[in-house]
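Structure first, commentary second.
As a basis for the values below, the full set of heavy atoms in this structure was taken, side chains included, without hydrogen atoms, waters or symmetry mates.
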Amino acid sequence: MKAVAISSFGSPDVLQVMEFNNPQASTNQVRVRVKAAGIQPFDLAVRSSGWVPPGLEVKCPQILGNEFAGIVDQVGEGVTDFSVGDEVLGWALLACYAEYVVVCVDQIVRKPKSMPWEEAGAITASGQTAHTALKELGVSNGDTVLIHGAAGGVGTVGVQLARAWGATVIGTASEGNHGYLRSLGAIPVSYGDGLVDRVRSLAPDGVDVAFDAAGDDALRASVELVPNKERIGTIASLELGGNLGVRVIRSQRSVNRLTELIDFYTQGKLRIHIRKTFPLHQAPDAHREIESGHGHGKVVLTVD
C-alpha cells in the first residue's frame, strides 16, 4: 500500500509517499480502506521534532495520522459486529495517512450515511479531545465558558458541545474568525493585550470555566479570570499548566465518547467544518496549510 511517512524529522518536506506491505487484520480487528484522514497538531509535532506522548514511540520510516474514515475490506477472527463493506470512522495512532489501516473493533463506529467522507475523517481526534476536556472541567447548564483557540478543530467542537450542554461560550480568535464563531453560537473576543478586560466586559458575572487550546498567554489570562483552578484546563501549554496548578488534559478516546459525538452530529447539534482537503500525495502542502495559522476548522487528506 501507499502511505505518507517520515524517515527523519523536520519541515513538511520530510513527508513522503512510501510503499508498505498491506496490513492484515487479526483477531478482533478489521482492515479499513481509508477514504479520508484528518490532520492534527499532534501530527505536526511528530513530524517536526519526533515528539510523542508517553507510551508511544516513533520508528522510522513512520506513518503519521491519528483519525480516519473508510470502508471495511477485511474482517479478523472473532469480529461479529462489522462486515466487509461497512462504512466506519475511528482512530489509530500513527497509522492513518495510508491506503489501509488495521484497527481493533473498539476503535471504530459506523459512519452515518449522511456524513461526507471528509467530515467523517476529521471528527474523531478533535472531537474526542474537546469532549474529554469539557467533561473533565464539568461544563454544564448555566456555566459561562471561555474557550481559547475557539476557531480551531478542537475549539470548534468545544464551542458546540458547551452550547449543547446549556453553557454561554466566549471564544477567543483572530478578528477574521469572529463571524464564524458567531455562527457556532459563541461570543467572539480578540486575542492580545487587554484580553482579560475584554472578557470581563462580556461576562460581568464572571467566567466559570476556561479551556485553553491556544498557548501560554491564553492560559495566564484564564488564571486571572477563573477563580477555581480545577475548572481551568489546557491541551496546549502542558508545562505551564503544571506549574500553575491547572488541569493538564490529554484526550481519552473511547467508542462511547465517539458514539456520543456522532449522535450530536446526526441530531444537528454538531457540525464539522472542513477548511481544505488535499490528496494523500500533497500531505506536505496540508501540513503547511495548518502551519500558516490562517482559517478555521479542519484540514483533511483524501485517499483515492
*Could you pull out the closest heavy-atom pair between Gly76 and Ala25, with the gap in Å?*
N-CB, 3.9 Å

*Are any non-hydrogen side-chain atoms of Lys135 and Leu161 less than 4.5 angstrom apart?*
no

*Checking side chain to side chain contact (heavy atoms under 4.5 Å, CB included) for the pair Ser8/Val14: CA distance, chi angles, key distance, verdict?*
CA-CA 7 Å; Ser8 61; Val14 302; 3.9 Å; yes

*asked:* Measuring only between side-chain heavy atoms, which start at C-beta, is Arg47 closer than 4.5 Å to Asp43?
replied: no

*Starting at CD1 of Ile170, measure out to CG of Leu181 and round the result to the nearest 0.5 Å.*
11.5 Å

*asked:* So, taking the atom named OG in Ser11 and the one named CD in Glu291, what distance separates them when rounded to the nearest 0.5 Å?
replied: 8.0 Å

*Would the number of heavy atoms belonging to other residues, nucleotides or ligands and lying under 6.0 Å from CG of Asp13 be above 12?*
yes

Determine all donor-acceptor pairs shorter than 3.5 Å in which one atom belongs to a side chain in residues 199-206; sequence neighbours excluded.
from   : atom 1 : to     : atom 2 : distance (Å)
Arg200 : NH2    : Glu224 : O      : 3.2
Ser201 : OG     : Arg198 : O      : 2.6

*Which atom of Ser190 lies closest to which atom of Glu175, heavy atoms considered*: OG-OE1, 4.2 Å

*Are any of the side-chain heavy atoms of Leu225 and Ile232 separated by less than 4.5 Å?*
no

*Give a yes-or-no answer on whether the side chains of Gln40 and Ser126 include a donor-acceptor pair shorter than 3.5 Å.*
yes

*Linking directly or through intermediates, with side-chain heavy atoms under 4.5 Å: list the remaining ILVMFWY members grouped with Trp117, chain and number order.*
Ile71

*For the atom pair OG1 (Thr277) and CD (Glu118), what is the distance rounded to the nearest 0.5 Å?*
5.5 Å

*Can you name the side-chain contact (heavy atoms from CB on, under 4.5 Å) partners of Glu230, sequence neighbours left out?*
Asn228, Arg247

*asked:* Between Tyr100 and Gln74, is there a side-chain donor-acceptor contact under 3.5 Å, judged purely by atom types and distance?
replied: no

*Whether Gln107 side chain and Trp91 backbone form a donor-acceptor pair below 3.5 Å*: yes

Donor-acceptor pairs are to be reported for all side-chain atoms of residues 51-64 against protein atoms at under 3.5 Å, with residues two or more places apart or in another chain.
from  : atom 1 : to    : atom 2 : distance (Å)
Gln62 : OE1    : Lys59 : N      : 3.0
Gln62 : NE2    : Leu94 : O      : 3.4

*Gap between atom CD1 of Ile235 and atom CZ of Arg250 - 0.5 Å precision*: 11.0 Å

*Student check: side-chain heavy atoms of Val4 and His287 closer than 4.5 Å*: no

*Mind checking the CZ-OG1 spacing from Arg110 to Thr259? Nearest 0.5 Å is all I need.*
10.5 Å

_Contact between His273 and Leu184 at the side-chain level, heavy atoms closer than 4.5 Å - yes or no?_
no

*Any chain of hydrophobic side-chain contacts (each under 4.5 Å) joining Leu280 to Leu44?*
yes

*Looking at Cys96 and Ala92, what are the two nearest heavy atoms and their distance?*
SG-O, 3.2 Å

*asked:* Using 0.5 Å steps for rounding, measure from the CD1 atom of Ile290 to the CG atom of Asp285.
replied: 12.0 Å

*asked:* Could you go through Gln24 and Arg31, starting from their C-alpha distance and side-chain angles, then the distance that decides it, and tell me whether this counts as side chain to side chain contact (heavy atoms under 4.5 Å, CB included)?
replied: CA-CA 7 Å; Gln24 304 297 317; Arg31 186 174 71 186; 3.5 Å; yes

*asked:* To check you understand the geometry: which heavy-atom pair defines the closest contact between Leu146 and Ser222, and what is its length?
replied: CD2-OG, 4.5 Å

_Using only atom types and a distance under 3.5 Å, with no angle test, would you say the side chain of His296 pairs donor to acceptor with the backbone of Asn177?_
no

*Lys298 and Glu67 ion-paired at < 4.0 Å*: yes

_For Pro188, is there any backbone N or O sitting under 3.5 Å from a side-chain donor or acceptor partner on Arg182?_
no

_If we count only N and O atoms by modelled type, under 3.5 Å, do the side chains of Ser114 and Tyr265 hold a donor and an acceptor together?_
no

*Would you confirm whether Arg163, through its side chain, and Gly185, through its main-chain N or O, come within 3.5 Å as a donor-acceptor pair?*
yes

*asked:* Using modelled atom types and a 3.5 Å cut-off, is there a donor and acceptor pairing between side-chain atoms of Ser237 and backbone atoms of Asp216?
replied: yes

_Test of understanding: clusters of I, L, V, M, F, W, Y form through side-chain heavy atoms closer than 4.5 Å, transitively. Do Val102 and Phe82 belong to the same one?_
no

*Where does the angle between the aromatic ring planes of Trp165 and Phe264 fall among parallel (under 30°), tilted (30 to 60°) and perpendicular (over 60°)?*
perpendicular

*Are any side-chain N or O atoms of His178 and backbone N or O atoms of Ala173, one a donor and one an acceptor, separated by less than 3.5 Å?*
yes

*So Lys113 and Glu87, side chain to side chain contact (heavy atoms under 4.5 Å, CB included) or not? Walk me through it.*
CA-CA 8 Å; Lys113 290 293 184 182; Glu87 297 181 350; 3.9 Å; yes

Enumerate donor-acceptor pairs with a distance under 3.5 Å from any side-chain N or O in residues 208-215 to protein atoms, sequence neighbours excluded.
from   : atom 1 : to     : atom 2 : distance (Å)
Asp208 : OD2    : Thr144 : N      : 2.8
Asp212 : OD1    : Ala214 : N      : 2.7
Asp212 : OD1    : Gly215 : N      : 2.9
Asp212 : OD2    : Thr234 : OG1    : 2.6

*asked:* Please check if the number of heavy atoms outside Asn243 that lie under 6.0 Å from its CG is greater than 12.
replied: yes

*Measure the shortest side-chain to side-chain distance between Gln252 and Gln128 over non-hydrogen atoms and say whether it is less than 4.5 angstrom.*
no

_Min side-chain heavy-atom separation Ile262-Pro112 under 4.5 Å_ = yes

*Kindly indicate whether the side chain of Val79, heavy atoms from C-beta on, has any atom under 4.5 Å from the side chain of Val30.*
yes

*Check the hydrophobic clustering (I, L, V, M, F, W, Y; side-chain heavy atoms under 4.5 Å; chains of links allowed) and say if Val145 and Leu219 are grouped together.*
no

*Taking only residues two or more places apart in sequence, or in another chain, which ones meet Arg271 in a salt bridge (Lys or Arg N to Asp or Glu O under 4.0 Å)?*
none

*Single-linkage hydrophobic cluster, 4.5 Å side-chain cutoff, Ile187 and Val157 together*: no

_Gln282 side chain to Pro279 backbone, donor-acceptor under 3.5 Å_ = no

*Val300 versus Ala122, closest heavy-atom pair with distance*: CG2-CB, 3.7 Å

*asked:* Keeping Gln160 on the side-chain end and Thr156 on the backbone end, is there a donor-acceptor pair under 3.5 Å?
replied: yes

*Start with the C-alpha gap between Ile39 and Glu289, add the side-chain angles, then the distance that decides, and say whether side chain to side chain contact (heavy atoms under 4.5 Å, CB included) holds.*
CA-CA 10 Å; Ile39 297 177; Glu289 172 68 23; over 6 Å; no

_ILVMFWY cluster, Leu89 and Val34 together (side-chain gap under 4.5 Å)_ = no

_Can you tell whether the side chains of Glu19 and Lys2 come within less than 4.0 Å, N to carboxylate O?_
yes

*asked:* Just to verify, which of Val103, Leu301, Thr124 counts as forming a side chain to side chain contact (heavy atoms under 4.5 Å, CB included) with Phe68?
replied: Val103

*Compare every heavy atom of Ala186 with every heavy atom of Val159, then report the nearest pair and how far apart it is.*
CG1-CB, 3.8 Å

